[in-house]
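Heavy atoms only: backbone and side chains are in, while hydrogens, waters and symmetry mates are out.
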Amino acid sequence: MSSLNSRAPRAGAPAGERITFSLVVPVYNNQGTLGGVIERVEHLARALPGPLETVYVVDGSPDGSLLLLRKLLQDSAYPAQLISLSRNFGSFAAIRVGMAAAGGDFVGVMSADLQEPEELVRDMFLGLYEGGHDIVAGVRTARHDSVLSAILARTFWMLYRRFVQRDIPPGGVDVFACTREVARQVLAMEESHSSLLGLMYWIGFRRSEVPYVRLPRTEGKSSWSIKRRVRYMSDSVFSFTDLPITALVLCGAFGVVATLTGSVFVLAAWLIGRIHVSGYTPLMLVLLLSTSAVLLGLGIVGSYVWRTYENSKERPGAIPMSQECFGPSGCELPSAGEDSAS
């Protein structure tokens, strides 16, 4: 596993042949569909205008997926890597590992449950290969899931678009393809408890979308439970927005204003003798004002903590997409990895 972060030629690539396309396939409880996945990869390899390698990442799958892949890949006609993680880390963590191991100029992701149409990955790769785009996302326009699953998915992505990333398509994104440079930029952000899709959309670059209809599941059931949805949403909220702190500040500020307004009425009632309980007026004023002040103070302190947290992630302030020189004298550009400010 020490070679995963290396940029040296991959073991799956034939000697002297440069890999153009790398396909990452996270695997978890997909033993029943792996035969169909291998068949799709073979069709895809024949349809693409360049060499294809596949990176299978078995994400601590409790079934026989790893053993079956070892058997199926023995006679593979195309380059393939098989990576086994020590336990189940989640599909996005597995995708990151696969992206780090991929050696192609373009890196794509395909799920192993066969719920995306066969031509989707081909169209995403061709969108990159033909130029003009750096990220191509597969966007669901419809799905053949159960009513409950469809409602939960729509609700999840509606909240995600509202509070985390407004650029995310309404139907969400499960699969995507990107250039090697985009993959390098995303992998350089080694953040825990973050969102791979959030980072993919945060970095910018030129994006396009390929619409598709999600197919019904033929084997097994989805591991994308409500618990995982809530965890992923909370990780995304705390990684990409200061919404909780902003809400705290607003609640505190609103409470202070409401307390000051209410105190006028309470004091007036006391002055005209409508309040007969001894100590009621000062007690109410102190309670309301102190509670609101605490909320406002926590929000202000949280704003400083948020900025410290943002700095600790060490995301770049800006990401150059290209750099060119023109004119008769030309110029000297910094080499890759060199700090241009030095």
Side-chain angles (χ1 to χ4, degrees), residues 3-10 18-26 53 55 57 81 83 89-110 121 124-125 127-139 160 164-169 172-210 232 235-236 238-241 309-325 333-342:
S3 63
L4 291 183
N5 293 322
S6 172
R7 294 269 65 89
R10 307 296 173 181
R18 181 180 179 85
I19 294 296
T20 305
F21 304 98
S22 291
L23 180 64
V24 178
V25 183
E53 72 161 352
V55 183
V57 184
Q81 299 183 55
I83 301 170
F89 290 91
S91 61
F92 288 124
I95 290 171
R96 285 184 66 100
V97 171
M99 290 172 66
D105 298 324
F106 307 102
V107 182
V109 176
M110 183 180 78
V121 177
M124 292 192 302
F125 272 142
L128 297 174
Y129 184 80
E130 293 169 357
H133 301 102
D134 302 292
I135 302 172
V136 179
V139 178
Y160 199 97
V164 183
Q165 289 279 359
R166 297 182 182 273
D167 293 338
I168 291 286
V173 175
D174 284 332
V175 293
F176 60 87
C178 63
T179 62
R180 165 56 54 192
E181 175 60 19
V182 170
R184 187 184 69 81
Q185 294 287 354
V186 170
L187 294 174
M189 303 176 195
E190 299 180 357
E191 301 179 13
S192 299
H193 305 292
S194 187
S195 165
L196 178 62
L197 289 178
L199 291 174
M200 190 70 68
Y201 275 76
W202 178 86
I203 63 174
F205 287 92
R206 299 165 297 180
R207 292 190 300 264
S208 67
E209 300 172 354
V210 177
Y232 185 70
D235 286 344
S236 299
F238 287 111
S239 291
F240 293 96
T241 175
Y309 169 61
E310 283 289 284
N311 291 330
S312 70
K313 291 188 289 190
E314 297 184 352
R315 289 183 190 167
I319 299 176
M321 189 168 68
S322 64
Q323 184 175 0
E324 303 173 77
C325 286
L333 299 177
S335 60
E338 181 182 343
D339 187 356
S340 58
S342 61

| message | Ring-plane angle category for Tyr129 and Phe21, please: parallel below 30°, perpendicular beyond 60°, tilted otherwise. | response | tilted
| message | If you define the side chain from C-beta out and look only at heavy atoms, does anything of Val121 sit under 4.5 Å from Val175? | response | no
| field | Closest approach of Ile95 to Pro26 (non-hydrogen atoms, all atoms of both residues) | value | CG1-CG, 3.9 Å
| note | In short, Ile203 meets Val186 closest at the heavy-atom pair CD1-CG2, 3.8 Å
| query | What are the two closest non-hydrogen atoms of Gly127 and Val136, and how far apart are they? | reply | C-CG2, 4.3 Å
| message | For the CZ atom of Arg207 and the OH atom of Tyr201, what is their distance to the nearest 0.5 Å? | response | 6.0 Å
| So how far is it from Leu128 CG to Cys178 SG, rounded to the nearest 0.5 Å? | 7.5 Å
| query | At what distance, to the nearest 0.5 angstrom, does CD of Glu181 lie from CZ of Phe205? | reply | 5.0 Å
| said: Quick check for you: to the nearest 0.5 Å, what is the distance between Arg96 atom CZ and Leu196 atom CG? | reply: 6.5 Å
| task | Find the distance between CE (Met124) and CD (Glu209) and round it off to the nearest 0.5 Å. | result | 12.0 Å
| query | Shortest non-hydrogen contact from Val55 to Ala101? | reply | CG1-CB, 4.2 Å
| request: Report the distance from atom CE of Met200 to atom CG of Asp134, rounding to the nearest 0.5 Å. | output: 11.0 Å
| Minimal non-hydrogen separation, Ala102 against Ser22, with atom names | CB-CB, 3.4 Å
| request: May I ask you to decide if Thr20's main-chain N or O and Asp105's side chain share a donor-acceptor pair within less than 3.5 Å? | output: no
| Glu53 versus Gly104, closest heavy-atom pair with distance | OE2-N, 3.9 Å
